[in-house]
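Each chain gets a letter, A, B and so on, in the order its sequence line appears, and its residues count up from 1. All values derive from a computational prediction rather than experimental measurement.
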Amino acid sequence: MSNNNIRVRFAPSPTGPLHIGGVRTALYNYLFARKNGGKCILRVEDTDQTRFVPGAEAYIQESFEWCGITFDESVSKGGPFGPYKQSERKDIYKQYADQLFASGHAYLAFDTPEELTAVRQAFEAEKKTFTYNAEERKKLRNSLTLAESEVKELLNNNTPFVVRFKMPEDETIVMNDLIRDRVEVSTKVLDDKILFKSDGMPTYHLANVVDDHLMEISHVIRGEEWLPSLPLHVMLYKAFGWQSPEFAHLPLLLKPDGNGKLSKRDGDRLGFPVFPQQWTDPKTSEVSRGYREDGYFPDAFINMLALLGWNPGDDRELFNMEELTEAFSIERIGKSGSKFDLEKAKWFNHQYLIKRSNESLAELLLPIAVEKGVLVEPEQLAEAVGLVKERATFVTDLWDQLDFFFVRPESFDAKAVKKRWKAASYDQMTELKNLLADLDDFSAEQTESATKAWIEEQEYGMGAVMNAFRLLIVGALKGPHLFDIIALIGQEETLERLDNGLHELGRKEVQK
RNA sequence: GCACCGUUCGUCUAGCCAGGUCAGGACGCCAGGUUUUCAUCCUGGUAACACGGGUUCAAAUCCCGUACGGUGUACCA
């Protein structure tokens, strides 16, 4: 399906690292655009000069690259509707603020922040809440209350001012949300929001409406925290005489324990990442962990995130980006917030780890082996990976599952020794060593049949022999099929480990 | 405070719009089975319609109210 009229955007503010809620919003935008053959735009909303954080923009871009979310138009990529950074569009907003003032939909306000704070405090003292609305604007210093000559003079003196939206006094605004359907609100409870700040920059409200219109955005898919300002945005479209886009307000991602919006602190507190990748605060040098550094695969991360608030309507749970694109629809996004579940996230990663080829996993594992100072052949490593990958969640646990393939046991698990190293073990293992030494074919099939035949012939206990054998080879009672292990480490190494172990554990005295 | 949004197993959720299912699946947890060990795997189990009214032969589903939670209420986004 192709629809060139579908255009969506993700519009982060570069005030810090993008958290997973933002990534999910971007993902839904991306999936919706791809599904419908539309375009997905990345726009940087940096109209708040006081909250600029160095590195945040680069972080956002890098995170999306890691996740596999791409944009058709962006700051780095450019596009026919640029610039894509709001600080570079400053002059555009001024022009539209003027237009609104000229048409009577907005007015100039000269109240200083200090004056407003004072008014707010006065209201608070009387247990009332101040809102700059139709009633209160009559008592404040703005172009509606001041004489035209006064306004002119203030402007000539370069007195700072803001542009406020003149909210109609009593009107019912009817809005439609793709997720929540019809939403209604009265302008009585709304206030005259600032559209243009005294520093010459627009606020989010003006900038986002102007840009969405100019960039021909057809669907605004954003977080639920924007729902309360939807009436203002709808009124702005109306004031400009523009057709408003469709809106979809996504439910929030919640803390795993208790309630509330997921925040940076929760990750530190509960021990899971809130960010796609690691972030170092440039001011405090505080480091926040990321999914990438924690060992998650980007496709597992995306899969997990996609299912947090959306479902395909059937029992499928494993989706790559193509499959997600195919299955995605706004109709199947839920209405209520979802809590992040660490266990489920791990399960997803486990699924993706199993799916990955032994060779590619070995490649990821190689640096860890090097770090541990262990020399391994990539082919051998891949083979070992194949034997143990079902038991791992992350590439790093993979090493713990197979280190014994490459490192001869230096110690023997005390509990296991106590339980499995019996009086007869020393002699049995010596016999087994001689038996294995004589074999020409050291394949798993051969060693297994020879060993089992010998056990049967000698009438030894299968459990007793195999556990003692495993103890000497692995150093503990763990790991995959023992004959697969010795086939991989080879005859020479097997015999040496047996020798070593026999020497280490020695003959156990018969207990009295 | 006010406004708006929401509420199905511990968690993610299906079912709700077009009332009739033992309220389904997944993660987790528990038990059993397989196995030379650990893990995997297989089988089974545990566990939910926030509450109260109403409409109806019949309500998780429609209506009203209550409670609880969330978001917003900045010259932040």
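Taking only side-chain nitrogens and oxygens, A/S229 never comes nearer than 4.0 Å to OP1 or OP2 of B/U73. Phosphate proximity of B/A14 to A/N311: present, with a side-chain N or O under 4.0 Å from OP1 or OP2. One finds a side-chain N or O of A/R332 lying less than 4.0 angstrom from the OP1 or OP2 phosphate oxygen of B/G15.
Geometrically, A/K128 engages A/F123 in a cation-pi contact defined by less than 6.0 Å to the ring centre and at most 45° from the axis.
Taking every side-chain heavy atom of A/L252 into account, B/G70 is the closest of B/G70, B/A77, B/G72. Taking the side chain of A/V185 as heavy atoms from C-beta on, and the options B/C5, B/A3, B/C76, the nearest nucleotide is B/A3. The side chain of A/V189 lies closest to B/A3, out of B/C75, B/A3, B/U37. Checking B/C75, B/A39, B/U71 against the side-chain heavy atoms of A/R391 singles out B/A39 as nearest. Side-chain proximity of A/T47 to B/A77, B/U36, B/U73: nearest is B/A77. Distance from the side chain of A/T131 is smallest to B/U73 among B/U71, B/U73, B/A74. Proximity note for A/W347 (side chain, C-beta onward) versus B/G1, B/C27, B/U36: the nearest is B/C27.
When each of A/W399, A/Y296, A/Y352 is checked for a ring-ring contact (aromatic ring centres under 6.0 Å, His included) with A/F394, only A/Y296 meets the rule.
Regarding A/R420, its CZ atom lies at a distance of 7 Å from the P atom of B/U37, rounded to whole Å.
Searching all strands for a Watson-Crick or G-U wobble partner of B/G65 with both distances below 3.5 Å returns B/C51. Nucleotide B/A39 is matched to nothing when pairs are restricted to Watson-Crick or G-U wobble geometry with both distances under 3.5 angstrom. The pairing partner recorded for B/G44 is B/C30, the criterion being a Watson-Crick or G-U wobble arrangement whose two distances lie under 3.5 angstrom. Remark: B/A74 base-pairs with no nucleotide in the shown strands. Criterion, Watson-Crick or G-U wobble with two distances under 3.5 Å. Searching all strands for a Watson-Crick or G-U wobble partner of B/A58 with both distances below 3.5 Å returns nothing.
The aromatic rings of A/F340 and A/F272 sit parallel, their planes meeting at an angle under 30°, below the 60° perpendicular limit. By the 30° and 60° cut-offs, the orientation of the rings of A/H205 relative to A/W226 is perpendicular. Aromatic ring pairs are classed by plane angle as parallel below 30°, tilted from 30° to 60° and perpendicular above 60°; the pair A/F247 and A/H249 is parallel.
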Using a cut-off of under 3.5 Å, enumerate the N/O to N/O pairs linking the protein to nucleotides 6-12 of chain B.
residue : atom : partner : partner atom : Å
B/C12   : OP1  : A/K339  : N            : 2.9
B/C12   : O2'  : A/L307  : O            : 3.1

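Comparing A/T129 and A/H205 by the nucleotide of RNA chain B that holds the closest heavy atom to each, the one mapping nearer the 5' end is A/T129. Checking A/Q401 against A/T112, the closest nucleotide of RNA chain B that is more toward the 5' end is the one next to A/Q401.
To the nearest whole angstrom, the two C1' atoms, one in B/C64 and one in B/A26, are 36 Å apart. To the nearest whole angstrom, the two P atoms, one in B/C51 and one in B/C9, are 10 Å apart. With C1' as the reference atom, B/U21 and B/A59 are 14 Å apart, rounded to whole Å. Distance noted for atom P between B/U13 and B/C30: 24 Å (whole Å). A distance of about 11 Å separates the C1' atoms of B/U8 and B/U61, rounded to the whole Å. Rounded to a whole angstrom, the distance from the P atom of B/A60 to that of B/A48 is 15 Å. When the C1' atom is compared between B/U40 and B/A23, the two are found 32 Å apart, to the nearest whole Å. Taking the P atoms as reference points, B/A74 lies 47 Å from B/U56, given to the whole Å.
At a threshold of 4.0 angstrom between heavy atoms, the contacts of A/K127 with the nucleic acid are absent. A/T203 comes within 4.0 angstrom of the backbone, heavy atoms only, and of no base. Within 4.0 Å of A/D111, counting heavy atoms only, lies at least one base atom of the nucleic acid. Using a 4.0 Å heavy-atom criterion, one finds that A/V162 contacts the bases of the nucleic acid, with or without backbone contacts as well. A/R120 comes within 4.0 angstrom of the backbone, heavy atoms only, and of no base. At the heavy-atom level, A/P480 lies under 4.0 Å from base atoms of the strands shown. Within 4.0 Å (heavy atoms only), A/H249 reaches no atom of the nucleic acid at all.
Shown for residues 190-200 of chain A: residues whose heavy atoms fall under 4.0 angstrom of RNA chain B, namely A/I194, A/K197, A/S198.
When atom types are taken as modelled, the side chain of A/R89 and the backbone of A/Y84 share no donor-acceptor pair closer than 3.5 angstrom.
Salt bridge present: A/E57 and A/K85 bring a charged side-chain N and a carboxylate O closer than 4.0 Å. Ionic pairing of A/K335 and A/D177 is not present here: no N-O contact between side-chain nitrogen and carboxylate oxygen is shorter than 4.0 angstrom. Note on A/K339 versus A/D341: no salt bridge recorded, every NZ/NE/NH1/NH2 to OD/OE distance being 4.0 Å or above.
A/D48 and A/Y204 share no side-chain donor-acceptor pair at under 3.5 Å. Side chains of A/S263 and A/D266: a donor-acceptor N/O pair is present below 3.5 angstrom, by distance only.
Ring pair A/W310/A/Y28: centre-to-centre distance not below 6.0 Å.
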